[in-house]
Amino acid sequence: LQFLYFIDEGACYKKDFMSALPASTGVCYGGQHKSLAKYVKKLILIHNAESIDAVSPSVLGHQPDWRVGLTDKGAKHASTLGRKLGNILKNKGPVFFYVSPYERSKQTYVGLRKSLPKSVEVNGAKEEPRLVDQQVGNYQNPQVTSLAELRRRYGKFFFRYREGESGADVYSRVSAFIENVARDVKKMGHGRDQTIAVVSHGMPLRCLIMRLFDMSVDDFEKMVSPLSGSIVTLTRGKDKFYEIDTISRHAMRFPEAVACPTHGLDCRVGKAPTSE
């Protein structure tokens, strides 16, 4: 079964069809959220820098996940992100940050703020609980690590940790976050070209992209999350769609964006990646 995404006055909805497009065409994507796209010109997604649990998973057996900070390498990396972000934001207007309350995300935010050029205007920052990493239980035991292969075979979107969340749960709270941002930016009153930066984790950022581009679960499974310390930039084009930057599109194995001339629709068609 395939889906065709129709665009009508900024809204994106889908209609089932079996043969409207050739089998090789894939899925038609609308990288747009009506309320968000109206005010946010650029959406910047920042994955926290390298954290201690990434190199020493056993730390999660005695330390709460949300208290785990960055490694020395991660802290140094975070201090370079501000300069990279400065290049992206050059002459792009003010930016507002939403930050996960996890220590590794807050340390990433503090690090990048220190190196962010003074020419970049920051409207403020807000701690946002809905951006926390996928919950896999409280104090983790070795069994969580051993579940990696089972999770891969079952599918990361629907696999649920016994004391935690599935990817679908993360998708739900990230969707609620997007609606909240749409309301916030309207209240900020900075016009239609605002920039929002989100400092979070791999799974929430991947789900956020899935939501904004109306992706299928199959395409979510074929993608990978942004690398630690990476910056993903979504820019609203003239057609009011968000387009992902080229480097991130390849790094995340994002479906290739092509035209959709067959139906004369202002949309994106995605071809599923041919390999993992």
Side-chain angles (χ1 to χ4, degrees), residues 31 33-51 53 64-70 74 78 81-82 85 88-89 92-114 116 120-136 138 164-190 194-213 220 225-236 242 244 248:
H33 180 283
K34 184 177 180 181
S35 299
L36 196 66
K38 185 176 181 180
Y39 295 101
V40 179
K41 171 76 172 180
K42 194 176 291 289
L43 186 61
I44 299 172
L45 312 179
I46 304 167
H47 189 176
N48 64 263
E50 183 185 77
S51 56
D53 63 299
D65 190 11
W66 67 285
R67 292 288 195 187
V68 176
L70 301 178
L81 292 177
L85 191 57
I88 296 173
L89 296 176
K92 300 297 182 182
V95 58
F96 188 92
F97 286 87
Y98 289 89
V99 184
S100 161
Y102 274 35
E103 190 65 24
R104 50 187 177 269
S105 288
K106 292 193 290 186
Q107 289 181 2
T108 299
Y109 169 71
V110 170
L112 72 84
R113 279 298 306 269
K114 289 180 178 179
L116 191 65
V120 176
E121 181 184 352
V122 178
N123 273 345
K126 179 180 180 180
E127 185 175 286
E128 176 50 71
R130 282 170 290 194
L131 292 175
V132 299
D133 208 351
Q134 183 177 9
Q135 305 297 291
V136 299
N138 295 323
E165 295 179 301
S166 66
D169 294 328
V170 179
Y171 178 89
S172 294
R173 56 178 165 84
V174 165
S175 295
F177 163 71
I178 293 174
E179 299 298 332
N180 185 70
V181 172
R183 291 191 294 268
D184 282 354
V185 294
K186 185 176 181 179
K187 293 177 182 177
M188 290 179 191
H190 294 292
Q194 297 182 52
T195 297
I196 296 296
V198 175
V199 185
S200 185
H201 317 275
M203 179 60 82
L205 295 180
R206 187 169 163 188
C207 287
L208 193 153
I209 290 172
M210 178 188 182
R211 171 66 179 83
L212 286 175
F213 285 85
F220 172 89
S225 297
L227 295 174
S228 293
S230 62
I231 297 177
V232 178
T233 305
L234 305 179
T235 304
R236 186 187 68 210
Y242 287 115
I244 192 169
S248 298

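Bear in mind that the values here come from a model prediction, so they are computed numbers and not experimental data.
- Expressed to the nearest 0.5 Å, how far OG of Ser230 lies from CG of Leu81 amounts to 9.0 Å.
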Open item on the list: Does Glu128 form a side-chain contact (heavy atoms from CB on, under 4.5 Å) with Asn180? I'd like the steps, not just the answer.
Closed with: CA-CA 10 Å; Glu128 176 50 71; Asn180 185 70; 4.1 Å; yes
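- Salt-bridge formation is detected for the pair Asp65/Arg104: a Lys NZ or Arg NE/NH1/NH2 atom is positioned less than 4.0 Å from an Asp or Glu carboxylate oxygen.
- The backbone N or O of Arg206 sits nowhere less than 3.5 Å from a side-chain atom of Ser225 that would complete a donor-acceptor pair.
- Residues Arg211 and Glu179 are paired through a salt bridge, judged by an N-O separation under 4.0 Å between the basic side chain and the carboxylate.
- Between the side chain of His47 and the main chain of Leu227, a donor-acceptor pair closer than 3.5 Å is present.
- Between Gln194 atom CD and Lys186 atom NZ the span is 12.0 Å, to the nearest 0.5 Å.
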- Item | Evaluation steps, side-chain contact (heavy atoms from CB on, under 4.5 Å), between Met210 and Val174 | CA-CA 10 Å; Met210 178 188 182; Val174 165; over 6 Å; no
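- Closest heavy-atom contact between Pro226 and Gly202: CD-O, 3.9 Å.
- Closest of all the heavy-atom pairs between Asn123 and Pro94 is ND2-CB, 3.4 Å.
- Formation of a donor-acceptor pair under 3.5 Å by the Ser105 side chain with backbone atoms of Pro101 is not found in this model.
- Formation of a donor-acceptor pair under 3.5 Å by the Thr108 side chain with backbone atoms of Ala78 is not found in this model.
- Within the model, atoms CD1 of Ile231 and CD1 of Ile44 stand 7.0 Å from one another, a figure rounded to the nearest 0.5 Å.
- When all heavy atoms of Leu131 and Pro204 are compared, the closest pair comes out as O-CG, 3.8 Å.
- With sequence neighbours left out, the salt bridge (charged side-chain N to carboxylate O under 4.0 Å, His left out) criterion links Glu165 to Arg173.
- Applying the ring-ring contact (aromatic ring centres under 6.0 Å, His included) test to Tyr98 and every residue at least two apart in sequence or in another chain returns Phe96, Phe177.
- Using a 4.5 Å cut-off on side-chain heavy atoms (C-beta onward), His201 and Val170 make no contact.
- Looking at Lys41, its side chain does come within 3.5 Å of a backbone N or O of Arg236 through a donor-acceptor pair.
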**OP:** Just do the side-chain contact (heavy atoms from CB on, under 4.5 Å) check on Asp133 and Asn48 with the steps written out, would you?
**Re:** CA-CA 10 Å; Asp133 208 351; Asn48 64 263; 5.7 Å; no
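- Summarising the geometry of Val199 relative to Phe97, their closest heavy-atom pair is CG2-CD2, 4.2 Å, with the distance given to 0.1 Å.
- Separation of atoms SG (Cys207) and CG (Asp169) is listed at 9.5 Å; rounding is to 0.5 Å.
- Contact detail for Ser200 and Leu205: the closest heavy-atom pair is CB-CD2, 3.8 Å.
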Pair Ile196, Tyr39 - check side-chain contact (heavy atoms from CB on, under 4.5 Å), show working. CA-CA 10 Å; Ile196 296 296; Tyr39 295 101; over 6 Å; no
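- Distance CD1/Ile244 to CD1/Ile209: 4.5 Å, rounded to 0.5 Å.
- Between the CG atom of Leu85 and the CZ atom of Arg113 there is a distance of 10.0 Å, given to the nearest 0.5 Å.
- Looking at Gln107, its side chain does come within 3.5 Å of a backbone N or O of Leu70 through a donor-acceptor pair.
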